[in-house]
There are 2 protein chains.
Amino acid sequence: MRKNRVMKKGLGRATLEFKRLKYFIAVAEELHFGRAAARLEMAQPPLSRQIATLEKEIGAQLFDRARSQIRLTEAGAVLLDRARDILDDLDSAYREVELIGRGGAGRLRVAFVGSATHGVLPSLIKSYRSHYPHVDLSLSSMNNAELERGLIQRDIDIAVARPSLQGDEFRSMALHHEPLILALPDNSALAGQSLPIKLADLDKETFVLYPRRPRPSFADHILKVCEGEGFTPADQIFAQDYQTAISLVSVGVGLAMVPKSVSNSPRAGVLYRSYEGNNPGTSLTVHARRDNRKPQVLQFFDIIEKYTRKRT
Amino acid sequence: MRKNRVMKKGLGRATLEFKRLKYFIAVAEELHFGRAAARLEMAQPPLSRQIATLEKEIGAQLFDRARSQIRLTEAGAVLLDRARDILDDLDSAYREVELIGRGGAGRLRVAFVGSATHGVLPSLIKSYRSHYPHVDLSLSSMNNAELERGLIQRDIDIAVARPSLQGDEFRSMALHHEPLILALPDNSALAGQSLPIKLADLDKETFVLYPRRPRPSFADHILKVCEGEGFTPADQIFAQDYQTAISLVSVGVGLAMVPKSVSNSPRAGVLYRSYEGNNPGTSLTVHARRDNRKPQVLQFFDIIEKYTRKRT
DNA sequence: ATCCGCCAATACCAACAGAGTATCATCAGA
DNA sequence: TCTGATGATACTCTGTTGGTATTGGCGGAT
């Protein structure tokens with residue numbers, strides 16, 4: 001059965017509309033119902049009624065009605081002030097929200113593996129910023145495990161991972177592919193030799209690998225590369241992330257296999273060398289939750305697409 | 001003929017109502033259309049529709065609708081913030097205006113003749129303040145001519161005049177009546193004598209009179225008093241206002257007739273003496289424009305009425 | 001003094017927005 | 001696979017709002 005509406009009528013305040021405030025402002029500025037109505041592109045009688053309703057709603061006289069000349073009361077003057085502010089606020093709120101909704105503003109939280117900072121990522125970010133300068137970009141570095149957790153818990157919007165994260169709930173797009181090279185301690189015997197280094201010869205070396213999780217990890221990838229060459233590194237040291245691994249190499253703990261772009265940024269104590277043998281390379285992949293419909297995310301993927309198409 | 005409404009539809013933005021914001025806040029806080037509808041004491045379908053309309057109006061998605069759990073989008077989160085502020089502002093604006101409309105706040109501009117400051121006016125003002133502590137009282141001293149001009153030009157709300165202002169456009173109320181006394185230079189021969197002073201004996205004295213305008217002025221009043229005693233002062237000096245007149249007396253220019261309450265505040269060089277003879281006294285009268293419907297004014301008159309009734 | 005004109009208020013009507021009920025579609029969890 | 005929960009859709013109806021016609025009252029002009 002239909003609910004009783006009359007009951008509700010008793011409770012609630014009157015309707016309380018923006019329209020009324022706009023009307024009021026028009027009348028207050030014109031001090032003339034006829035002209036105000038014309039400005040509002042409406043007839044005068046409904047305008048008079050709306051003002052009367054507003055006065056009843058607030059419970060205060062807003063205009064002094066002398067026939068020849070209407071004047072604002074003090075209450076009306078104050079309301080005029082406040083109403084202007086409120087409508088301005090409302091308008092700017094709407095604009096702001098609309099802009100965020102279009103992806104033109106707001107926040108985009110991007111996280112990436114440390115080894116991405118030397119390659120294409122910086123220029124990709126620059127490209128996005130130039131397209132959407134008002135978006136507040138939050139950037140942070142994480143290993144693959146943290147990236148995955150961040151995406152799932154919605155702590156980040158975009159993850160740039162190496163290698164690709166697995167999961168149906170993620171949308172993914174390849175960003176960049178590059179060969180692997182060796183990172184050697186500069187006092188290593190291998191570093192000195194002028195001959196090309198053969199991967200198969202390194203089966204007795206200590207490999208610094210990172211990180212172990214989540215599977216498949218970059219470490220798994222490297223081990224598979226060695227396997228393809230017919231050996232498993234005799235000594236394996238595991239680091240949490242790429243930064244730590246390079247530090248270990250620089251102090252002579254062992255060698256590491258890293259993406260080529262890493263060699264763009266020299267580091268004391270570390271020499272980068274290419275090698276002969278199995279080199280499937282390594283890929284940076286960009287991920288986001290499929291259900292993340294944030295326009296900023298969609299636009300970020302658009303930028304990636306443009307970007308990669310340009311480079312190929 | 002009826003104007004074409006369809007045309008107007010095309011132009012203006014959508015309706016833009018407070019209701020929608022309230023609905024939005026409810027849904028944003030509950031994150032559940034059903035519960036929000038219950039809280040708003042309405043059915044769920046119209047609520048869904050209103051939110052959809054709001055989203056169309058703004059042009060941005062406000063909620064992520066996953067079937068099981070709806071979430072605010074970033075745009076929605078910002079709107080929630082803004083909408084709360086706006087509705088708060090609106091509410092406090094309404095309250096403020098209502099209070100002013102009731103006369104509980106706002107401004108009351110009172111002006112008075114200088115000679116009123118010694119008598120009942122201060123305690124009347126105190127009484128008003130205690131009843132309406134949030135009204136901003138603006139007090140100033142003027143002569144009768146300025147009082148009249150101030151009222152007519154709406155620069156002041158209340159005028160306390162002596163004698164009464166004339167004019168149909170003014171509402172008037174007697175505030176206080178008191179006898180006249182003489183203000184004499186302290187080196188005057190009259191000041192020394194121990195016998196009662198007879199007004200009729202003063203026909204050769206210099207009278208300091210104030211002000212000349214507007215007619216009938218306080219000066220006219222004094223001259224009529226003398227006339228009633230059968231003489232016109234031989235020497236007449238005119239001052240702009242009461243303060244100046246007393247100053248002239250204090251430096252020995254002549255004598256003045258003043259309201260008795262003036263003697264409440266002694267002044268160097270001036271002696272106050274009562275006299276024998278015609279003494280119709282003098283009245284303070286309160287005036288306001290009849291068309292000044294400011295509640296503060298009406299309440300001020302109420303206070304006067306209570307006040308004078310108490311004293312009689 | 002009287003009339004005319006201007007302007008806000010009132011009366012009444014038509015149309016639309018919004019709230020209600022019934023129902024559907026879809027997804028999660030048993 | 002079925003069931004329950006939840007938001008969307010379809011549609012009906014009422015109240016609000018805007019429109020036109022008219023009134024009422026004050027000020028200025030004849």
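Residue numbers start from 1 in every chain, and the chains themselves are labelled A, B, ... in the order their sequence lines are given, proteins ahead of strands.
- Taking atom CZ on B/Arg35 and atom P on D/dA5, their separation rounds to 13 Å, with Å as the unit.
- The NZ-P distance, from B/Lys56 to C/dA17, rounds to 12 Å in whole Å.
- Which of C/dA8, C/dT21, D/dT20 sits closest to the side chain of B/Ala43 comes down to C/dT21.
- Each of B/Arg49, B/Arg65, B/Arg20 was checked for a salt bridge (Lys or Arg N to Asp or Glu O under 4.0 Å) with B/Glu55, and the lone residue meeting it is B/Arg65.
- Taking atom CD1 of residue B/Ile70 and atom C1' of nucleotide D/dA8, one finds them 13 Å apart after rounding to whole Å.
- Residues A/Arg149 and A/Ile156 fail the side-chain proximity criterion, which asks for heavy atoms closer than 4.5 Å.
- Counting non-hydrogen atoms under 4.0 angstrom, B/Gln44 reaches a base of the nucleic acid.
- For the OP1/OP2 pair of D/dA8 and a distance below 4.0 Å, the side-chain nitrogens and oxygens of B/Ser48 include at least one atom meeting the criterion.
- Across all strands shown, A/Phe63 has no heavy atoms under 4.0 Å from either base or sugar-phosphate atoms.
- Atom CG of A/Leu54 is separated from atom P of D/dT16 by 16 Å (rounded to the nearest Å).
- Side-chain atoms of A/Leu54 and A/Leu62, non-hydrogen and from C-beta on, do get closer than 4.5 Å to each other.
- Between B/Lys19 and C/dA17 there is no side-chain polar atom (N or O) within less than 4.0 angstrom of OP1 or OP2.
- Two residues, A/Pro46 and B/His32, neighbour DNA chain D, and the one matched to the more 5' nucleotide by heavy-atom proximity is B/His32.
- Under the 4.0 Å criterion applied to side-chain N and carboxylate O atoms, B/Arg84 and B/Glu29 are assigned as salt-bridge partners.
- Residue order along DNA chain D, read from the 5' end via each residue's closest nucleotide, puts B/Leu31 first among B/Leu31 and B/Arg49.
- A close approach under 4.0 Å does not occur between any side-chain nitrogen or oxygen of A/Gln69 and OP1 or OP2 of D/dG27.
- Between A/Arg107 and B/Glu74 there is no salt bridge, since none of the side-chain N atoms of the basic residue sits less than 4.0 Å from a carboxylate O of the acidic one.
- For the pair B/Phe33 CZ and C/dC24 P, the interatomic distance rounds to 21 Å; values are reported in whole Å.
- To the nearest angstrom, P of C/dA9 lies 9 Å from CD1 of A/Ile51.
- One atom, CG of B/Leu47, and another, C1' of D/dT9, lie 15 Å apart when rounded to the nearest Å.
- Per the geometry, CD belonging to A/Glu169 stands 17 Å off C1' belonging to C/dC27, to the nearest Å.
- Checking A/Pro45 against B/Tyr23, the closest nucleotide of DNA chain C that is more toward the 5' end is the one next to A/Pro45.
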